[in-house]
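Let me begin by presenting the structure, written as structure tokens, before commenting on it.
Just so it is clear, the model here is predicted, and its values are computed rather than measured. Residue indices begin at 1 and follow the sequence shown. Values below: every heavy atom of this structure, side chains too, minus hydrogens, waters and symmetry copies.
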Amino acid sequence: MSMRYEAAARARLCFPRSLLILGAMMRRIFTMLVLVVCVVLAGHLPGCREKDVPRQLDRYLAEARWAWGFHGSALVAYDGRVILSAGYGLANRDFGELNTPQTKFFIGSVTKQFTAAAILLLQEQGKLGLDDPISRYLPEYPTPAGDIITIRHLLTHTAGLPDYTASPEVVLNRTAPMSSAVLLESFWRRPLEFAPGAAFRYSSSGYIVLGAIIEAVSGQSYEAFLHHWILGPLGMHNSGYARREAGLPDRADGYTTDEDLRMRAAAPIHYSVLHSTGALYSTVEDLLKWDRALAEGTVLSKASIGNMLTPQAGEYGFGVVIDSLFGRRHIYHGGFLDGFNSTLERWPDQKLCVIILSNDDVAPVKKIAHGLAAIAFGEPHDFPIRREAIPMEREALREYQTVFALGSGRYRHILLDGDTLHTWTTGEPRVHLFPLASDTFFLEPDNTLLLTFVRDTAGRIVAADYTDEGRVYRAPRTAPDLERELLLRWRPIQIDPALYEEYTGTYRLETGLSDDAERFALTVTRQGDRLFVTGTYTEEVELFPRTETDFFHQTADFELTFIRNELGEVTGCVVRMAGVEISGRKVR
């Protein structure tokens, strides 16, 4: 447990548990009163056929809590009037604190629309132009990228910048403070993935650069600018930059699900690592104030809001996605980070806003938001359900070990580990795959995701249909030789455990970053016949041998190769993550 988590725990211990329980009961009673009052407002919802919309919304969320283990807060509003605002599940599992509408959650990439708004404010003030190059405001930015990437490219994910959140030096040190200069260094000298403006590829790196531009142009810190120009004027007093998160009252702790589907505390990511791309915290009530600001033009001009909410690259505007859902214009953005998952969704023409904030990073928040919107619009909808796996013998499961091609060098793997199938797509963690019926499986922890194996007339598996919110995506099976090669890459082999002793020690990673090099290190340890690795600020994980020198993590995109010199001594290593390689030298 980090020092800030210990401090927060000590603060909570100052309050008798009986008072905490009494407070939780009072908050729940207040929530139910709000639901009763809001019944009157429900009839104003466009297209709504239900007269008891608040009760239906509350029932949906209660069943999401039961079926999917949802922990979080939810708010539904029509034209700024609250139809439902309530908390579900626990803000802190150790002390039994309940989530409420006033609980503060870290909102991840929902932050991006606030960063975009800050840029648009500076444009309104005549301090920058959207088609200006990076180098005009950050002259130290490497060329030629700094001269050809514009602010508009950064806002719309069309700059071609590699995503820094997949960089090993960032991932392995994400629980430690990191300056914005080091964040920039983690990607700005790497090759562009495409020419600026030539394609769309979501990359948080662009919003880190935008944060640096905001600070350079305004003369204020990113945090101070947001508070002065956006959060303060809107009365969003329960929102802010997470630099102060250790002292926040009513703060939710973040949780995740481990490989055995057990809930555990998530890694305490340091929010300086997210900065202007994902470091804000907020509440559902404060985010409703932001929704009203976009609807009424109280912070930005109508022209700026119009630009922000207009598709610029595919369906992406400035910090938001614009598409159609339920046949209505739909504007949204989600936010994910260790321990938290959130979404802010708006149907501006119908004046409907749905906000879901969760302190469980596997919660299907978008599905929950869409279910609530369907109820509000009177559209057909299903309530969350639990699924039960049917029994299936290991030999029968073995047939489903396959690989399907998703395009652009990405694959969906299905691998049998013990008596359970696991599936993952390239660069993503593994999840469990459970049989629902013959050839049909559901994914955990999101049991709404279905994978159906498609057979030809001879009964051979030739494709897979992936079903998500009623949409079906088909992927063909790969060629047998490629399938065998890909599956073998994720099957550990047996090697002499005595070799592990040669690999134990500390390896200094050569990142090239200007920050303190002491912290960029890996420590390899042996525990009997098992090998483990930990970063200076990351938790210990087990590695599995692919060869005598190549090891991999079974549920994450992480590979480690040990290097020997001409005398056969282990002198270094190579770390591979998301296509990036970093060398390390053994220092002890």
Side-chain angles (χ1 to χ4, degrees), residues 68 199-202 311 313-316 321-327 330 332 334 336 343 362 364-371 374 379-382 384-385 387-390 392 396-417 420-490 555 557 578-579:
W68 300 334
F200 171 90
R201 185 169 300 163
Y202 190 89
E315 295 180 335
Y316 206 87
V321 181
I322 304 98
D323 65 4
S324 177
L325 189 62
F326 305 119
H330 173 225
Y332 72 96
F336 171 88
T343 191
V362 298
V365 292
K366 287 184 174 60
K367 289 186 175 67
I368 293 172
H370 298 169
E379 296 283 353
H381 58 274
D382 295 319
I385 60 172
R387 297 191 189 275
E388 297 295 335
I390 64 172
M392 191 172 288
L397 292 172
R398 192 185 301 279
E399 180 188 12
Y400 296 107
Q401 291 190 114
T402 46
V403 178
F404 301 98
L406 303 177
S408 302
R410 298 178 67 249
Y411 300 93
R412 173 170 290 282
H413 303 73
I414 292 95
L415 186 67
L416 183 62
D417 186 0
T420 306
L421 286 175
H422 294 76
T423 184
W424 72 97
T425 57
T426 305
E428 298 293 332
R430 293 188 188 191
V431 295
H432 291 70
L433 192 62
F434 294 118
L436 183 64
S438 178
D439 290 345
T440 298
F441 294 73
F442 65 91
L443 282 67
E444 283 288 0
D446 184 355
N447 67 13
T448 67
L449 302 175
L450 299 180
L451 195 67
T452 302
F453 293 87
V454 180
R455 299 179 183 270
D456 62 14
T457 54
R460 294 171 300 202
I461 294 172
V462 294
D465 285 343
Y466 181 76
T467 304
D468 184 10
E469 290 196 86
R471 298 179 182 179
V472 180
Y473 308 89
R474 177 161 292 188
R477 187 172 182 174
T478 58
D481 289 346
L482 177 59
E483 179 175 280
R484 197 159 33 247
E485 175 188 342
L486 291 172
L487 287 176
L488 283 174
R489 285 185 58 80
W490 302 104
T555 60
D557 181 18

Given side chains that start at C-beta, do those of [X] and [Y] come closer than 4.5 Å, heavy atoms only?
{"X": "I390", "Y": "L436", "answer": "no"}
{"X": "R455", "Y": "R460", "answer": "no"}
{"X": "R484", "Y": "V403", "answer": "no"}
{"X": "L451", "Y": "I414", "answer": "yes"}
{"X": "L415", "Y": "L487", "answer": "yes"}
{"X": "T448", "Y": "E469", "answer": "no"}

What closest approach, in Å, do [X] and [Y] show between heavy atoms, and which atom pair accounts for it?
{"X": "F326", "Y": "A374", "answer": "CZ-CB, 3.7 Å"}
{"X": "T478", "Y": "A405", "answer": "CG2-N, 3.8 Å"}
{"X": "F404", "Y": "A463", "answer": "CE2-C, 3.4 Å"}
{"X": "P364", "Y": "D446", "answer": "CB-OD2, 3.7 Å"}
{"X": "L406", "Y": "A475", "answer": "CD2-CB, 3.7 Å"}
{"X": "Y466", "Y": "R412", "answer": "CE1-NH2, 3.6 Å"}

(request) Mind telling me whether Y316 and F200 have parallel, tilted or perpendicular rings, with 30° and 60° as the class edges? (result)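 Rings of F200 and Y316: tilted, as their planes differ by 30° to 60°.
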
(message) Using 30° and 60° as the class boundaries, would you call the ring planes of F442 and F434 parallel, tilted or perpendicular?
(response)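 Tilted, since the angle between the ring planes falls between 30° and 60°.
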
Go through the structure and list residues passing side-chain hydrogen bond (donor to acceptor under 3.5 Å, both in side chains) with [X], not counting sequence neighbours.
{"X": "E485", "answer": "none"}
{"X": "E315", "answer": "none"}
{"X": "R201", "answer": "E193"}

(request) Flag yes if more than 12 heavy atoms outside R474 fall under 6.0 Å of its CZ atom; otherwise flag no. (result) no

(message) Tell me whether D456 at atom CG has more than 12 heavy atoms from other residues, nucleotides or ligands lying less than 6.0 Å away.
(response)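 Buried by this count: over 12 neighbours within 6.0 Å.
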
From [atom1] ([X]) to [atom2] ([Y]), nearest 0.5 Å:
{"X": "K367", "Y": "D382", "atom1": "NZ", "atom2": "CG", "answer": "13.0 Å"}
{"X": "H432", "Y": "N447", "atom1": "NE2", "atom2": "CG", "answer": "14.0 Å"}
{"X": "T423", "Y": "E428", "atom1": "OG1", "atom2": "CD", "answer": "11.0 Å"}

Answer yes or no: is there a donor N or O on one side and an acceptor on the other, between the side chain of [X] and the main chain of [Y], under 3.5 Å?
{"X": "R430", "Y": "H422", "result": "no"}
{"X": "R477", "Y": "I461", "result": "yes"}
{"X": "T343", "Y": "V365", "result": "no"}
{"X": "T452", "Y": "T440", "result": "no"}
{"X": "Q401", "Y": "L416", "result": "yes"}
{"X": "E483", "Y": "T402", "result": "no"}
{"X": "D465", "Y": "L450", "result": "no"}

(message) Would L449 and T467 count as a side chain to side chain contact (heavy atoms under 4.5 Å, CB included) here? Give the steps.
(response) CA-CA 6 Å; L449 302 175; T467 304; over 6 Å; no

(request) Please name all residues satisfying ring-ring contact (aromatic ring centres under 6.0 Å, His included) with W68, sequence neighbours left out, ordered by chain then number. (result)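 Result, ring-ring contact (aromatic ring centres under 6.0 Å, His included) vs W68: none returned.
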
(request) Return the set of residues passing ring-ring contact (aromatic ring centres under 6.0 Å, His included) with Y400 (not counting sequence neighbours), or none when no residue passes. (result) F441, F453

(message) Closer than 4.0 angstrom, basic N to acidic O: yes or no for R471 and D468?
(response)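 Salt bridge: no.
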
(request) Name all residues meeting the side chain to side chain contact (heavy atoms under 4.5 Å, CB included) criterion together with Y332; count only those two or more places apart in sequence or in a different chain, and write none if there are none. (result) V321, D323, H330, E345, K366

